[in-house]
Asker: 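Before I ask anything, here is the structure I am working with.
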Amino acid sequence: MALGDLMASRFSQSSVVVVSNHLDDSASSHEDVDLGLQRRDSETASSSYGNASTTTSMAYLPQTVVLCELRHDAFEASVPTGPTDSGLVSKWRPKDRMKTGCVALVLCLNISVDPPDVIKISPCARMECWIDPFSMVPQKALETIGKTLSSQYERWQPRARYKCQLDPTVEEVKKLCTTCRRYAKSERVLFHYNGHGVPKPTANGEIWVFNRSYTQYIPLPISDLDSWLKTPSIYVFDCSAAGMIVNAFIELHEWSASSSSGSTKDTILLAACEAHETLPQSAEFPADVFTSCLTTPIKMALRWFCTRSLLRESLDYSLIDKIPGRPNDRKTLLGELNWIFTAVTDTIAWNVLPHDLFQRLFRQDLLVASLFRNFLLAERIMRSANCSPISYPMLPPTHQHHMWDAWDMAAELCLSQLPSLIEDPNSEFQPSTFFTEQLTAFEVWLDHGSEHKTPEQLPIVLQVLLSQCHRFRALVLLGRFLDMGTWAVDLALSVGIFPYVLKLLQTTTQELCQILVFIWTKILALDKSCQVDLVKDGGHTYFIRFLDSMEAYPEQRAMAAFVLAVIVDGHRRGQEACIEAGLIHVCLKHLQCSTPNDAQTEPLFLQWLCLCLGKLWEDFTEAQIIGLQADAPAICAPLLSEAQPEVRASAVFALGTLLDVGFNSGRDGVGGDEECDDDEKLRAEISIIRSLLSVVSDGSPLVRAEVAVALARFTFGHNKHLKSIAAACWKPQSNSLLNSLPHGSIISSQIGPLLRDGRVSSSSPLANSGIIHGSPLSDDSSQHSDSGILNDGLSNGVINHSGPKPLDNAMYSQCVFAICALAKDPSPRIASLGRRVLSIIGIEQVVAKPLKSGGGRTGEPMTSPTPNLAGLARSSSWFDMNGGHLPLTFRTPPVSPPRSSYLTGMRRVCSLEFRPHLMNSPDSGLADPLLGSRGISGASDRSFLPQSSIYNWSCGHFSKPLLTAADDSEEVVARREEKEKIALEQIAKCQHSGVSKLNNQPSWYTKFETVTKTMLLQPFSPIVISADENERIRVWNYEEATLLNSFDSNDFPDKGISKLCLVNELDDSLLLAASSDGNIRVWKDYAMKGKQKMVTAFSSIHGHKPGVRSLNAVVDWQQQSGYLYASGEISSIMLWDLDKEQLLNPIPSSSDCSISALCASQVHGGQFAAGFVDGSVRLYDVRTPEMLVCATRPHTQKVERVVGIGFQPGLDVSKIVSASQAGDIQFLDIRNHRGAYLTIEAHRGSLTALAVHRHAPIIASGSAKQLIKVFSLEGEQLGTIRYYPTFMAQKIGSVHGIVPCA
């Protein structure tokens, strides 16, 4: 299948939006409810179990899987890096291109005079440069051979300067060498030596030349030759015993390297034979067979092959000289032969040589690369004559490589056509099938190969890109290869693919566009440095045109946006070039055309349009002005409500880059104030900030992280104004502060200087204005203490620059509270970002993690508490010390010895207004993790700003395979099917088992030092999970009674964890822990000791009722719909979609009372029941427009809060069980408005917990009197579970919760 087809099928599948199954069967559900309400009262008491077996089992096997995307993979632990321009990828790019600028040819033939140490056979090899030196007078023959050799070399390097010396003296050789070096300068010099007319080189490494009268042979030391030519240089020695020279050179270089600074010379040697060998003398070969292989490889290869081919009788040597065509024309026979030969030799070298040596010899210098390709041929041919050419650097043997068989076959097919082509010059030759067959072999490897064995055909794919007839298929296969991973991209770049695909961007062929964009996406996902080459060659316009095209799939256009984002990332020339090409308007146009939450709008495309814009605007004032003039904030703002968190985060990133950070140095001389009116800029900033404030409580940490980064930019630019607002917001009530202190003597000594600063007064102008209480950003639920204080507004700091025009105070105050909300975020990473932003306006938090009560833990090692700055504790005042009983830890050591004090948490903060030399001083109050370890210098104070992570996170998408499914998909499906099978078996067993009295006693017992607040049993393994009042989670194997893992869910616990749920329990399950303050944290790998990772975290409850000091959140999770329901002391129920990580809409509770119990149906998505503190019960269905299905008040005898509520087992959603604190349990049928059809007086005024089994017909209730009762659905008491006595004779406390087996 072609890559285009693969991409089409892949993209067409991905563009289908999977609709959550809570939308399914909505009409039938309405009918069921309506019909149910018309049933007779007598039917309401009947159990729904009879119909359970006839219903589809899929209701019990939810298919929704959430929180398993790339963004959830250890978000808290690390940030993936985007494309890089250093490290591994730097190896593929040649460090410095080289060119051979001059060629020195030295021929010592002395025609008609044989050297004394050579005894020639008869007939003997005579040809030199394919010329018989005895066919003409010696001098003319010598000159002709010299000219021919020069022309043969010119074919490989036509731009070099060629100089030839025929039978020279030592002085002539010296002059030749020095002249060549002077002309070549720093370029390479080639020295070719033919010593067929002189004796063999000496053991000392001397070659022979002549005296002026040609009466003597004069030795020329290699050391002299090396000193004249210097480096870089390449030597070709075509003479017998040439290995002597190579050995001498190696000794010379080793000696010079040891005596000098250790630098090695860039010298390459090619020698015709070993030190003990003599050149072949057979008439089958030319006398200069080594030179012929190096300079005329096709002719030499075919002549040698003809003697070994089946065609040898029908072919004459003379026909080889008549092969039609030109070497550079691949459409001719000679051109195709040369093309195949290049592909074969390149492939052999690629597969045999180390990659760094391949880069040096085959990619750095065109002439050197050609000579080494031809050297491989020389080794093959001369080894057949028992002669071994050698080189320095030494190459592994290649003469028996199997690719030579492919060359022989291609040569034979071409030669078979040669007689007919010569006979009829007008006839067309049939192209070889070589490249087609090699591409097929590469395709087979793609289907079955792996990283452990690289494909040997990769250099051939590179060569095929030169041909139009094979180009499309080659690009398709190359795209598939690059999709295998970054290792494949690095291999392709190492083999030299970059200049080819760069040149292809100049083509206008439409069929190549999609594949080229895909290939460049893979390249730039690995190596950012290619941005310079793309801009230099104008390649950015290619991708802008593709981005603006409506013909491609949105995912493919997203790739083009990614490429453009990399081009402008930190590259000013790229930013300028893309602005000139109109990239801003193209991106905004397509963002404007998209409809938010439209199923046809591809999220990846929207995401990368925003990221591309953000990178284009980043630190580039001219681009920001163009964006503001194009009304970019209004265009990007609707994307903040998109379903995908990545799109929302990218939109926040784009909006944040439009904010002015108050630096004039980044404007590049652009008169921003003249081009963009201050009032327009002010309105744009207000619009951006309002948009950012709307998502400060987004459900995705990815989004909130970008909000924190954007607010940091705004805070940096408006630092002075925000400081004054923050100072006004945090002026505490003096009376309450004084009253909270038990000892008045402490005030004068420790807080007195604070009051004399004039920054703390007795009233807060915003304290009663409604901004704090009732605001979605406020939360007074925690009783832990925060401390922080504001800096005075000195003007000598690096941040108090002349900032932009101030906004209104209300906007600033909202920003301050938003930043504080981020500083108290349940995600440690977001909280760290929030604190970093707060430090810019002079607020620094110094509260450390409090000591846990109860000391050590059972089964856990004792460790001392470590100071942890992971989050700000929630408090109604920064100066509320909570009675002073919590130990606090400073970031800097106190000046005086520590002593008991109720004001240890208050400290004046040095803020960011300090001189550079104070940055790392121990008393500055600025810890390195907060602001980074880099010092400050003038324009570098921008380093205080936290950096965005969404771009790097998003780049990771393109580094992964895009055309194939993950390798572990089959394993995941198999695991799920196994769990589904077990689940159905257990459900059937529960549904059909008879209800009997309880006889079994508890079989497992453990003791916790702190009160256990909630527990959870895993359905498929003997694991129980518990959470205590300090929000410490323990995971036990109850069969083996071993502790598997133990960790803190929250570093600043309040009232403990109120709910534990399993998310994706039929897949790789996650643990959802809901704290009493409404914070949700989801963990993966929670049963692996010390390896738990936070998947996501967010605050599920916003805007509680005024006057509420603490919050008791009630939460439940519904796998069928992917919904999380949360409520508490608020007037609504928060409906969260965990797939989107988004608050869909608050559901009005239709009651003035708070919700005390909540239960979601696990078989009908979108339905849940709520119990209130006034004893009423309400049923909701989010699929209906009214939301509220019915309301009833079953607990009428004694009005107490509903402490437990649940749906009865089975598929009938109308059956509900409700328990109140008064002790009564009511069985309700919402079709009967007359009240409960069954009442159980379970406990008298002490009922504390209720559990309803999801499938078995039993319920359980717990009381404060250490008692648990189990009942059937008909009201029969099946048993009582009391305190189980052990030899330790301990008593259990009141029952806080009951866990039904799933």
Asker: Tell me whether D1028 is salt-bridged to R1034, with the criterion being a basic N under 4.0 Å from an acidic carboxylate O.
Answerer: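 Answer for the salt bridge query: yes.
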Asker: What distance separates L1250 CG from S1218 OG, expressed to the nearest 0.5 Å?
Answerer: 8.0 Å
Asker: If I take atom OG1 from residue T1096 and atom CD1 from residue I1080, how far apart are they, to the nearest 0.5 angstrom?
Answerer: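 Answer for the OG1-CD1 pair, T1096 versus I1080, is 10.0 Å.
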Asker: Between E1065 and R1254 (salt bridge meaning N to carboxylate O under 4.0 Å), is one present in this structure?
Answerer: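 Here E1065 pairs with R1254 in a salt bridge, since their nearest N and O are under 4.0 Å apart.
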Asker: Can a cation-pi geometry be assigned to R1178 and F1172, taking NZ or CZ under 6.0 Å from the six-membered ring centre and within 45° of the ring axis?
Answerer: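 Judged by the rule, R1178 and F1172 form a cation-pi pair.
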Asker: Would the distance check show the side chain of Y1123 and the main-chain N or O of V1182 forming a donor-acceptor pair, the cut-off being under 3.5 Å?
Answerer: no
Asker: For Q1118 and S1161, what are the C-alpha separation, side-chain angles and deciding distance, and is it a side-chain contact (heavy atoms from CB on, under 4.5 Å)?
Answerer: CA-CA 7 Å; Q1118 190 175 62; S1161 171; 4.1 Å; yes
Asker: Is the shortest side-chain N to carboxylate O distance from D1068 to K1084 below 4.0 Å?
Answerer: no
Asker: Could you go through the side-chain contact (heavy atoms from CB on, under 4.5 Å) check for Q1119 and N1064 one step at a time?
Answerer: CA-CA 7 Å; Q1119 186 74 46; N1064 308 335; 3.1 Å; yes
Asker: Nearest 0.5 Å please: distance from the CD1 atom of I1155 over to the CG atom of N1112.
Answerer: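 Output value for this atom pair is 13.0 Å.
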Asker: Can you tell me if N1037 uses its side chain to pair, donor with acceptor, with the backbone of E1039 under 3.5 Å?
Answerer: yes
Asker: Nearest 0.5 Å, what's the CD1-NZ distance between I1230 and K1215?
Answerer: 10.5 Å
Asker: I'd like to know if the side chain of S1156 reaches the main chain of V1202, judged simply by a donor and an acceptor atom lying under 3.5 Å from each other, with no hydrogens or angles considered.
Answerer: yes
Asker: Mind checking the CZ-NE2 spacing from F1207 to H1164? Nearest 0.5 Å is all I need.
Answerer: 9.0 Å
Asker: If you measure from CG on L1179 to OG on S1214, what distance do you get to the nearest 0.5 Å?
Answerer: 9.0 Å
Asker: Is there a side-chain contact between L1062 and L1070, using heavy atoms and a 4.5 Å cut-off?
Answerer: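 Heavy-atom side-chain distance check fails, nothing below 4.5 Å.
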Asker: Is there a donor-acceptor contact under 3.5 Å from the side chain of N1045 to the main chain of M1088?
Answerer: yes
Asker: Looking only at atom types and distance, does a side-chain atom of K1269 sit under 3.5 Å from a main-chain N or O of A1242, one as donor and one as acceptor?
Answerer: yes
Asker: Going by an N to O cut-off under 4.0 Å, is there a salt bridge joining R704 and D698?
Answerer: no
Asker: Could you go step by step and tell me if L1138 and L67 meet the side-chain contact (heavy atoms from CB on, under 4.5 Å) rule?
Answerer: CA-CA 7 Å; L1138 287 200; L67 303 179; 4.1 Å; yes
Asker: Spell out, as yes or no, whether a donor-acceptor pair under 3.5 Å connects the side chain of D1137 to the backbone of L1144.
Answerer: no
Asker: Evaluate the ring planes of W1136 and F1098, with Trp represented by its six-membered ring, and classify them as parallel (under 30°), tilted (30 to 60°) or perpendicular (over 60°).
Answerer: tilted
Asker: Quick one: does E1029's side chain have a donor or acceptor within less than 3.5 Å of a partner on P1053's backbone?
Answerer: no
